[in-house]
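This report concerns only the one structure given below.
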Amino acid sequence: QLQLEESGGGLVQAGGSLTLSCAFSGQTLGVYALAWFRQGPGKERELATFITRGGGSTYYTDSVKGRFTISRDNAKNTVSLQMNRMKPEDTGIYYCASTRTYSISPTDYDSWGRGTQVTVSS
């Protein structure tokens, strides 16, 4: 399993930008992808985006396509999430997670960070 730690959350106005970072450590052998999940108030945890271990493939849920960009730096063992044109509905706790298989379900992710709060004001 990996150890994951998120940073970079905060308060931003609608239309603004924010960058999240996830530092990971531990055994990366077998890891298929690293992802960002989010959980809004009263909502279920949902996948926002993931990037494969080599960085060659990405996935974005429809609500963030064209606004969010995931990237990874294997030399620094970090995964970043650049969020632009943010909306109030982007508000929530953002979690970094890893999986050993192609999946959009949180149940298939076996390592999680503690999360970082993102609040978008209208």
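Keep in mind it's a predicted model, so treat the numbers as computed, not measured.
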N/O donor-acceptor pairs under 3.5 Å from side chains in residues 12-20, not counting sequence neighbours:
residue : atom : partner : partner atom : Å
S17     : OG   : N84     : OD1          : 2.9
T19     : OG1  : Q82     : OE1          : 2.5

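- To the nearest 0.5 Å, atom OG of residue S25 and atom CD of residue E5 are 9.0 Å apart.
- The OG atom of S57 sits 9.0 Å away from the CD1 atom of I51 when rounded to the nearest 0.5 Å.
- Taking the ring centroids of F50 and Y60, they lie at or beyond the 6.0 Å cut-off.
- The environment of CG in L11 is crowded: more than 12 heavy-atom neighbours from other residues, nucleotides or ligands sit within 6.0 Å.
- Here OG1 of T61 is found 10.5 Å from CZ of F68. Values are rounded to the nearest 0.5 Å.
- Not counting sequence neighbours, R53 has no partner by the side-chain hydrogen bond (donor to acceptor under 3.5 Å, both in side chains) test.
- Using a 4.5 Å heavy-atom threshold, the side chains of T116 and Y94 count as touching.
- With hydrogens and angles ignored, the 3.5 Å screen pairs no side-chain donor or acceptor of S80 with any backbone N or O of S21.
- In summary, the aromatic rings of F37 and Y95 are positioned with their centroids too far apart to meet the 6.0 Å limit.
- Within the structure, salt bridge (Lys or Arg N to Asp or Glu O under 4.0 Å) contacts touching residues 102-122 (residues at least two apart or in different chains) are R100-D110.
- A distance-only check finds no donor-acceptor pair linking the side chain of N74 to the backbone of N77 [under 3.5 Å].
- You'll find the side chain of V118 reaches within 4.5 Å of the side chain of M83, heavy atoms only.
- The stretch residues 48-89 participates, sequence neighbours left out, in no disulfide (SG to SG under 2.5 Å) pair at all.
- Counting only distance, with no hydrogens or angles, the side chain of S103 and the backbone of S105 share a donor-acceptor pair below 3.5 Å.
- Sorted by first and then second residue, the disulfide (SG to SG under 2.5 Å) pairs with a member in residues 5-105 read C22-C96; sequence neighbours excluded.
- The salt bridge (Lys or Arg N to Asp or Glu O under 4.0 Å) contacts involving residues 23-45 comprise R38-E46, R38-D90, where partners must be two or more places apart or lie in separate chains.
- T99 places no side-chain N or O within donor-acceptor distance of the main-chain N or O of Y109, the cut-off being under 3.5 Å.
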